[in-house]
Amino acid sequence: MAATPLAAAAIAQLEAEGVDTVLGTAVNAAGLTQAKTVPIRRTDTFADPGLGASPSWHAFAIDQTGIAFTDEVGVVGDQRLRIDLSALRIVGDGLAWAPAAFFEQDGTPVPACSRGTLGRIEAALKDAGIEAAIGHEIEFLLVDPDGGRLPATLWAQYGLAGVLEHEAFVRDVNAAAASAGVGIEQFHPEYGANQFEISLSPLAPVAAADQLALTRLIIGRAARRHGLRVSLSPAPFADSVGSGAHQHFSLSTPEGPLFSDGTGPARMTPAGESAVAGVIGGLPEAQGILCGSIVSGLRMRPGNWAGAYVCWGTENREAAVRFVQGGPGSPHGGNVEVKVVDPSANPYLASATILGLALDGVKRQAALPPETTIDPAKLSDSDRDRAGIVRLPGAQVEAITALDNSTLMRSILGDPAVDMVVAVRRMEHERYGNLGPEQLADKFRMAWSL
């Protein structure tokens with residue numbers, strides 16, 4: 001489908017506001033943010049027919065040299081990277097941004113494109129009479145320009161000292177986000193030294209992932225202005241806490257929300273129970289999408305609030321799926337937080353996976369397992385076995401093999417997307433699987449940074 005042109009008057013207005021360059025970004029299978037820019041007068045061309053991009057864009061790996069070619073992705077062929085003009089935002093200093101997606105030269109969507117994949121899942125939900133909203137969280141670590149540790153003499157977990165130490169950066173991010181139309185709901189120091197978290201306003205799935213991509217850009221630009229950099233690694237340092245990229249989602253039908261006002265556990269409706277059951281049941285096969293990088297296993301440990309055990313619980317931060325009950329303290333109503341997602345994941349594919357599993361659960365009327373009301377690590381092995389609680393593996397090869405062999409994940413995302421994720425992650429394991437935790441953390445600390 002051809003993009004709606006940006007009228008000459010709109011381009012003139014952008015120029016009047018100081019915009020001279022338009023940046024378009026996409027996220028590939030390895031979680032890398034890729035980009036092209038055009039002068040403002042070339043904006044319409046960037047939208048349709050788009051700019052040329054080799055299929056190898058999907059195969060670029062996190063080590064800055066690797067290309068995980070497959071039978072479908074090689075040196076032959078060309079695709080078009082198209083920006084979505086309806087999502088264009090001004091980000092300051094003469095720069096505007098828009099999310100991009102991949103199309104074939106004849107205009108058909110590229111099946112491996114992550115934004116297009118999430119769009120298909122969003123449409124499938126609507127066809128089933130379900131509307132979804134996703135709220136993203138971003139955890140990140142401030143580091144020096146070379147990726148080294150910053151001093152933390154005055155740091156305390158969730159402490160005021162962290163805000164004051166980096167007040168100019170925090171205020172800069174808030175101002176830039178507001179100017180670009182990004183909804184920041186909270187921005188605070190986290191558990192780790194020089195670690196912060198931002199919670200974004202919930203939006204429809206594609207728009208929410210776009211907002212996350214834009215926020216990462218805003219954070220990266222602000223950090224640079226203050227002589228800093230941002231690490232988006234799941235485990236920036238092997239001896240410290242990891243960073244997650246939790247996703248909250250809610251579902252509703254014309255009859256009302258699925259996670260509120262019901263008669264089931266935590267006031268879920270029957271369809272809401274099945275949606276949660278679908279996510280829980282699919283997590284072992286979906287791990288390779290949600291947290292499947294060579295570094296992800298360093299974070300996926302009990303006691304790390306990473307959801308290492310496949311279970312659910314109301315406000316249980318050690319469960320892979322945390323249920324947030326609606327009420328006065330939860331203005332967005334009941335929702336589900338998937339805690340295993342980390343910043344190395346492609347957020348579009350992660351959202352498509354979560355929502356696809358939820359839709360599958362609803363269609364199958366999947367039965368919700370019993371709630372886990374305590375830290376699952378405190379249960380005995382026999383108690384966990386009886387409850388059907390399994391621990392997600394920390395070994396990358398196990399997660400990727402499960403993904404590769406998953407008929408369910410292939411039915412949700414499609415073979416091209418799954419094959420591409422498997423290819424880039426297997427390359428990581430083949431090249432770097434022999435490195436120890438400190439070596440892995442050091443090598444890939446800045447792999448996903450902007």
Side-chain angles (χ1 to χ4, degrees), residues 2-27 32-51 53 80-102 114-115 118-119 134-136 138 140 167-187 196 198-230 232 347-348 448-450:
T4 302
L6 199 62
I11 291 178
Q13 178 62 34
L14 288 172
E15 289 182 311
E17 295 184 38
V19 175
D20 53 41
T21 301
V22 173
L23 169 72
T25 64
V27 185
L32 300 175
T33 301
Q34 300 165 309
K36 287 203 173 192
T37 68
V38 294
I40 183 66
R41 291 284 169 172
R42 289 270 295 169
T43 302
D44 280 345
T45 300
F46 202 170
D48 188 15
L51 307 181
R80 288 291 175 267
L81 191 66
R82 294 182 176 182
I83 57 172
D84 182 348
L85 292 177
S86 70
L88 189 141
R89 298 287 185 272
I90 297 175
V91 295
D93 302 313
L95 186 66
W97 166 91
F102 289 90
S114 61
R115 191 172 191 263
L118 179 54
I134 290 187
H136 289 273
I138 311 171
F140 61 90
E167 178 183 351
F169 167 75
V170 171
R171 296 178 66 183
D172 195 355
V173 169
N174 281 329
S179 179
V182 169
I184 290 182
E185 299 212 328
Q186 59 175 316
F187 185 176
F196 285 87
I198 292 176
S199 298
L200 298 175
S201 301
L203 296 171
V206 173
D210 290 343
Q211 181 174 243
L212 174 65
L214 175 54
T215 305
R216 287 180 172 178
L217 169 66
I218 288 170
I219 294 168
R221 295 182 81 224
R224 289 169 181 270
R225 287 194 291 270
H226 295 277
L228 304 167
R229 296 294 185 270
V230 169
L232 290 168
Y348 295 92
W448 297 274
S449 298
L450 302 180

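No side-chain heavy atom of Ile219 sits under 4.5 Å from any side-chain heavy atom of Phe196. Residues Ile83 and Val22 are in side-chain contact: their nearest non-hydrogen atoms beyond the backbone lie under 4.5 Å apart.
A distance of 9.0 Å separates CD1 of Ile138 from CD1 of Ile218, quoted to the nearest 0.5 Å. In this structure, Arg80 CZ and Thr45 OG1 are separated by 11.0 Å, a value rounded to the nearest 0.5 Å. Expressed to the nearest 0.5 Å, how far CG of Leu118 lies from CD1 of Ile134 amounts to 6.5 Å. To the nearest 0.5 Å, atom CH2 of residue Trp448 and atom CG of residue Leu32 are 8.0 Å apart. A distance of 10.0 Å separates CG in Asp20 from OG1 in Thr37, rounded to the nearest 0.5 Å. Considering CG of Asp44 and CD1 of Ile11, their distance stands at 4.5 Å, rounded to 0.5 Å.
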I'd like a table of donor-acceptor pairs (distance under 3.5 Å, sequence neighbours excluded) in which one partner is a side-chain atom from residues 198-208, with atom names and distances.
{"from": "Ser201", "atom 1": "OG", "to": "Gly183", "atom 2": "O", "distance (Å)": "3.2"}
{"from": "Ser201", "atom 1": "OG", "to": "Glu185", "atom 2": "OE2", "distance (Å)": "3.4"}

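Here the closest heavy-atom approach between residue Gly24 and residue Ala100 is recorded as C-CB, 4.5 Å. Of all heavy-atom pairs between Leu14 and Ile40, the closest is CD1-CD1, 3.8 Å.
With sequence neighbours left out, the side chain to side chain contact (heavy atoms under 4.5 Å, CB included) criterion links Arg89 to Trp97, Leu214. Scanning for side chain to side chain donor-acceptor pair (under 3.5 Å) contacts around Arg41 gives Glu15, with sequence neighbours left out. Arg225 pairs by the side chain to side chain donor-acceptor pair (under 3.5 Å) definition with Asp172, not counting sequence neighbours. For Phe169, there are no ring-ring contact (aromatic ring centres under 6.0 Å, His included) partners two or more places apart in sequence or in a different chain.
Distance alone, capped at 3.5 Å, is enough to place a donor-acceptor pair between the Ser449 side chain and the Val230 backbone. A donor-acceptor contact shorter than 3.5 Å links the side chain of Arg82 to the backbone of Pro49. Judged purely by atom type and a 3.5 angstrom limit, Ser114 uses its side chain to pair as donor or acceptor with the backbone of Val27. A distance-only check finds no donor-acceptor pair linking the side chain of Ser179 to the backbone of Ala175 [under 3.5 Å].
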Audit row: Leu23, Val91, side chain to side chain contact (heavy atoms under 4.5 Å, CB included) steps and yes/no
CA-CA 10 Å; Leu23 169 72; Val91 295; over 6 Å; no

Can Val173 and Ile184 be said to form a side chain to side chain contact (heavy atoms under 4.5 Å, CB included), step by step? CA-CA 10 Å; Val173 169; Ile184 290 182; 4.2 Å; yes

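Applying the salt bridge (charged side-chain N to carboxylate O under 4.0 Å, His left out) definition to pairs two or more places apart or across chains, those involving residues 210-223 are Asp93-Arg221, Arg115-Asp210.
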